[in-house]
Amino acid sequence: MMSHEAFVFLSYGATALTLAGLLIGIVLDGRARRRELAELEAQGVRRRSEPAGEAN
Amino acid sequence: MSDTTISQGWFTSLANPTRFLALSGRVLPYLATAAVLSLLVGLYMSFAAPEDYQQGITVRIMFIHVPAAWLAMMCYSVMAIASIGTLVWRHPLADVAAKTALPIGAAFTFLSLLTGSLWGRPMWGTWWVWDARLTSVFVLFLMYLGLMALHKAMDDPARAARPAAVLTLVGFINIPIIKFSVEWWNTLHQPASVIRLDGPTIHPTMLYPLLVMALAYTLIFFTLHLMAMRNEILRRRVQTMRRQAAQAIGGGR
C-alpha cells in the first residue's frame, strides 16, 4: 500500500502533466495552423471574403 | 438607438471570425496572466491549509479533484449553450466553440475520475465503485470521446456541426443527473458539501483554497478554450483557402 503522500503526489503530478499536455498541444496546433496560412498567403492564395490588403 | 440594438450589434459583430480573432488576441494575455496568478495563489493556499482530522494529507486531493469535476460539467454546459447557438441562430462561432471545448472537457473529466480514484483508494479502500456519481461522470467522459469521434468522422466541419449539436443537447440530461446523483441514490461518494441550499459545510480554512482553485481552473479553461477556438478558425480558413485554390486550378483548365 502506498503512503498517503504518494497518492497526493500522483494526483498533483497527473494533473500537472495533463494540463501541460493540453496547453502544449494547443500551442503547437496554433503554430502549425499559422504556418499553413502563411504558406498559402505566400503562394498568393486569398480568401474570397478577404478585402484587398487584409492580411489575417 | 436602443440599448438592445447596441448589445445585439456588439454580439453580432463577435460572430465575425476576424473580429473575434482580434478581440480574443487582446484579451488572452490578461486571461492567461490571471489564470497563472490564481493557480499559484490557489496552490499555495491548498498546501498551507490544515490537514483533515480524519483524512490527513489526502484532503489536499480535494483542491484539484473538486474543481476538475466542476469544470467537467461547466465545459459541457458551455458546449450545450454553444449547440443552441448552432441550431437556433447558426452563429458562425457557436460550432467552433462547442467543438474546441471537447478535448478540454474530456481532460477535466479524466482528471476528476483519476484524482477521485487516487483519493478513493486510501479513503474508501477501493479505486472504483459503480455507484451513481462515479458512473454518471464516467458516462460524461464517454460522451466527450463520442462527440470527438463524431467530429473526426466528418471532414467538413459544417456537416458535423448539427448532428454534434443535437447529440450534445441530448447528452446534457446527464449534467443534472451527475449533480443530484448523490441525493437521488445511495452512493459511496459523499453528498454535496459546497453548493448546497443551506450553505457550504466545509470549514473556511479548506473552503477558500478550494474556491480559489476553482477560479484558477475556470480561468485556465477559458484561456485554453479561446486559444483552441482561434486555432479552429485558422484551420477552417486554411481549408477554405485550399478549396478555393483547388477550384481556381480546376476552373483554369
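Hydrogens, waters and symmetry mates play no part in the numbers below; they use all other heavy atoms, side chains included.
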Given heavy-atom pairs under 4.5 angstrom as the criterion, report whether the side chain, backbone, both or neither of A/T15 touches chain B.
both

So, the part of A/Q43 with a heavy atom under 4.5 Å from chain B: the answer is neither

For B/W124, give me all partners under side chain to side chain contact (heavy atoms under 4.5 Å, CB included), at least two apart in sequence or on another chain.
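Partners of B/W124 under the side chain to side chain contact (heavy atoms under 4.5 Å, CB included) test: B/T126, B/L134, B/L188, B/H189.
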
Going by the rule ring pair (Phe, Tyr, Trp, His ring centres under 6.0 Å), which residues pair with B/F47 if we only count those two or more places apart in sequence or in a different chain?
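Counting only residues at least two positions away or on another chain, B/F47 forms a ring pair (Phe, Tyr, Trp, His ring centres under 6.0 Å) with A/Y12.
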
What part of [X] gets closer than 4.5 Å to chain A, counting heavy atoms only: side chain, backbone, both or neither?
X	value
B/L114	side chain
B/E232	neither
B/T100	neither
B/I104	both
B/R60	both
B/L118	both
B/T58	both
B/Y217	side chain

Angle class for the B/F138/B/F141 ring planes (parallel below 30°, perpendicular above 60°, tilted otherwise)?
tilted

Would you call the rings of B/W127 and A/F7 parallel, tilted or perpendicular, taking 30° and 60° as the class edges?
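Tilted: the ring planes of B/W127 and A/F7 meet at 30° to 60°.
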
From the list B/L102, B/T86, B/L150, B/L147, side-chain contact (heavy atoms from CB on, under 4.5 Å) with B/T168 holds only for B/L147

Best-contacting candidate, [options], against chain A by heavy atom pairs under 4.5 angstrom:
options	value
B/L43, B/T240, B/L111	B/L111
B/H65, B/M227, B/Q55	B/M227
B/V59, B/I61, B/T115	B/I61

Scan B/R90, B/H151, B/R236 and name whichever one has a side chain to side chain donor-acceptor pair (under 3.5 Å) with B/D95.
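Running side chain to side chain donor-acceptor pair (under 3.5 Å) over B/R90, B/H151, B/R236 with B/D95 returns exactly one hit, B/R236.
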
Return the minimal non-hydrogen interatomic distance between B/A214 and B/L71, and the atom names on each side.
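The answer is O-CD2, 4.3 Å.
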
Heavy-atom pair of closest approach, residues B/M79 and B/A98:
CG-O, 3.6 Å

Is the CG atom of B/D156 crowded by more than 12 outside heavy atoms at less than 6.0 Å?
yes

